[in-house]
Visitor: 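First the structure, then my questions, so here it is.
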Amino acid sequence: MAITGAAELLATWEAGLAEAPNGRALLLHRTARPDVDAARLPVLPVGEREADLFALRRALFGERMQVRLACSACREDMEFDLDAGEFARSLGGRGGSGDGGDSSAGTVVRVRQDGWDVEFRLPGVADLTAAARAADPRAALLARCLVSAVRDGAAVGAGDLPVPVQRRIAEAVEAADPGADVTLNVACPECGEATRAELDIASYLWTELDAWARDLLLDVHLLATSYGWSEPEILALSPLRRRYYLELCADV
Ligand SMILES: [Zn+2]
């Protein structure tokens with residue numbers, strides 16, 4: 001991944017300020033995957049996006065992620081480190097671990113059970129967003145992502161899939177796109193109880209980017225005031241040089 005320049009990243013942050021969390025996540029994903037057409041990003045499997053965002057986090061701010069969580073049993077504050085690089089690798093992005101005989105070709109999983117033969121597309125962010133607005137999100141997601149369902153040679157609609165087949169589809173999707181749901185399971189050092197929590201890498205990364213951007217603007221302000229340089233000139237400096245000049249300003 002090419003690390004984006006400071007000016008470009010600052011522009012991403014500025015664009016994101018006006019956006020809801022979904023729009024911010026999309027902007028971050030665009031930064032992470034400049035190789036993919038922007039219109040295609042919301043269609044990529046959700047787990048692939050999460051892996052992309054972990055890789056971006058690592059490229060921008062390093063491997064070590066600090067996470068704070070309150071114990072669900074005793075409310076004790078827990079603080080621990082996660083490894084963004086490990087997440088990016090383990091989530092893979094490309095899916096297709098290929099277990100249990102279901103073949104996953106590209107972003108479609110196939111389930112065969114009790115005379116049913118079902119093909120199902122791995123949901124992307126666009127699918128989740130649209131389904132969340134429906135009266136029955138589960139049914140809506142099923143209908144959106146169903147590619148084909150055949151029972152004993154006859155085509156069947158999404159509404160007629162029996163629960164066991166639906167469950168097999170959910171399992172196949174999870175196996176093919178494991179990063180879709182990053183759940184942490186942390187044992188409390190005080191009481192020993194385990195706390196489960198979802199890690200939302202998009203909002204985690206946005207919070208960091210926001211802090212970074214505000215710090216950077218302050219640096220620009222200080223350097224512009226001292227040296228009379230323009231914003232583009234200051235942003236073009238490497239972080240190391242920027243730091244040096246700031247130290248020199250402070251010494252004067
Ligand atoms: Zn506890």
Side-chain angles (χ1 to χ4, degrees), residues 20-26 28-29 32-33 41-58 63 65-72 78 80-100 102 104 106-111 118-134 136-147 158 161 163-187 193-208:
N22 276 349
R24 290 173 177 174
L26 186 60
L28 290 171
H29 201 188
R33 295 294 300 273
L41 287 175
V43 188
L44 289 187
V46 178
E48 188 173 333
R49 182 186 80 161
E50 300 296 276
D52 290 339
L53 293 179
F54 275 109
L56 176 64
R57 196 297 175 169
R58 183 186 177 211
E63 308 246 339
M65 294 172 59
Q66 270 194 341
V67 177
R68 289 185 72 151
L69 205 62
C71 170
S72 57
M78 300 188 282
F80 49 93
D81 287 344
L82 295 173
D83 186 325
E86 205 168 284
F87 269 109
R89 277 189 297 279
S90 70
L91 303 181
R94 260 161 249 103
S97 51
D99 76 316
D102 294 322
S104 70
T107 57
V108 173
V109 291
R110 187 169 187 183
V111 170
V118 181
E119 285 191 325
F120 194 79
R121 193 166 52 74
L122 296 179
V125 177
D127 300 306
L128 297 186
T129 310
R133 280 192 223 111
D136 183 347
R138 271 177 62 97
L141 192 64
L142 207 56
R144 272 184 75 90
C145 296
L146 187 69
V147 177
L161 291 173
V163 172
V165 173
Q166 289 184 26
R167 206 173 295 138
R168 284 292 294 126
I169 294 172
E171 287 166 8
V173 166
E174 206 181 307
D177 195 26
D181 192 6
V182 180
T183 307
L184 305 173
N185 207 352
V186 192
E193 289 294 317
T195 296
R196 285 169 67 85
E198 269 178 43
L199 177 63
D200 181 352
I201 180 63
S203 75
Y204 184 98
L205 186 50
W206 174 262
T207 305
E208 284 184 319

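Quick note: residue numbers are just sequence positions, from 1. We use all heavy atoms of the structure for the numbers below, so side chains are in, but hydrogens, waters and symmetry mates are not.
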Visitor: Considering non-hydrogen atoms only, spot the tightest contact between Ala88 and Ala55 and give its length.
Guide: CB-N, 3.8 Å
Visitor: Apply side chain to side chain contact (heavy atoms under 4.5 Å, CB included) to Gln166 and list each qualifying residue two or more places apart in sequence or on a separate chain.
Guide: Arg138, Leu142, Leu161
Visitor: Under the rule for salt bridge (Lys or Arg N to Asp or Glu O under 4.0 Å), what residues qualify as partners of Arg49, not counting sequence neighbours?
Guide: none
Visitor: Which value, rounded to the nearest 0.5 Å, describes the distance between Leu41 atom CG and Asp52 atom CG?
Guide: 8.0 Å
Visitor: How far does CD1 of Ile201 sit from CE of Met65, to the nearest 0.5 angstrom?
Guide: 3.5 Å
Visitor: Does Arg133 have any side chain to side chain contact (heavy atoms under 4.5 Å, CB included) partners at least two apart in sequence or in another chain, and if so, which?
Guide: Thr129
Visitor: Using a 3.5 Å distance criterion without hydrogens, assess whether the side chain of Thr195 forms a donor-acceptor pair with backbone atoms of Ser72.
Guide: yes
Visitor: Okay, side chain of Asp83, backbone of Glu86: is any donor-acceptor separation there less than 3.5 Å?
Guide: yes
Visitor: What do the steps show when you test Leu82 against Leu199 for side chain to side chain contact (heavy atoms under 4.5 Å, CB included), and what is the final call?
Guide: CA-CA 11 Å; Leu82 295 173; Leu199 177 63; 3.8 Å; yes
Visitor: Hey, could you give me the CG/OG distance between Leu28 and Ser203, rounded to the nearest 0.5 Å?
Guide: 10.0 Å
Visitor: Heavy atoms only: give me the nearest Ala176-Leu122 pair and the separation to one decimal.
Guide: CB-CD2, 4.0 Å
Visitor: Going by heavy atoms in the side chains, are Leu26 and Val125 under 4.5 Å from each other?
Guide: no
Visitor: Do you know the tightest heavy-atom contact between Ala134 and Ala140?
Guide: CB-CB, 3.5 Å
Visitor: Roughly how far apart are Tyr204 OH and Leu53 CG, rounded to 0.5 Å?
Guide: 13.5 Å
Visitor: To the nearest 0.5 angstrom, please state how far the CG atom of Asp200 sits from the CD atom of Glu50.
Guide: 7.0 Å
Visitor: How would you list, by chain and number, every residue that makes a salt bridge (Lys or Arg N to Asp or Glu O under 4.0 Å) with Arg144, sequence neighbours excluded?
Guide: Asp127
Visitor: Output all residues satisfying side chain to side chain contact (heavy atoms under 4.5 Å, CB included) with Ala70, sequence neighbours left out; order by chain, then residue number.
Guide: Arg75, Asp77
Visitor: For Ala84 and Arg58, which heavy atoms make the closest approach, and how far apart are they?
Guide: CB-CB, 4.2 Å
Visitor: Using modelled atom types and a 3.5 Å cut-off, is there a donor and acceptor pairing between side-chain atoms of Asp177 and backbone atoms of Gly47?
Guide: yes
Visitor: Where do Ala172 and Val111 come nearest, in terms of heavy atoms and distance?
Guide: CB-CG2, 3.8 Å
Visitor: Would you say CD of Glu174 has more than 12 non-hydrogen atoms from neighbouring residues, nucleotides or ligands within 6.0 angstrom?
Guide: no
Visitor: With sequence neighbours excluded, what pairs up with Pro164 under the side chain to side chain contact (heavy atoms under 4.5 Å, CB included) test?
Guide: Gln113, Pro162
Visitor: What distance do Ile169 atom CD1 and Leu146 atom CG have between them, rounded to the nearest 0.5 Å?
Guide: 6.5 Å
Visitor: Check Glu171 with Arg168, please: is the shortest side-chain N to carboxylate O separation under 4.0 Å?
Guide: yes
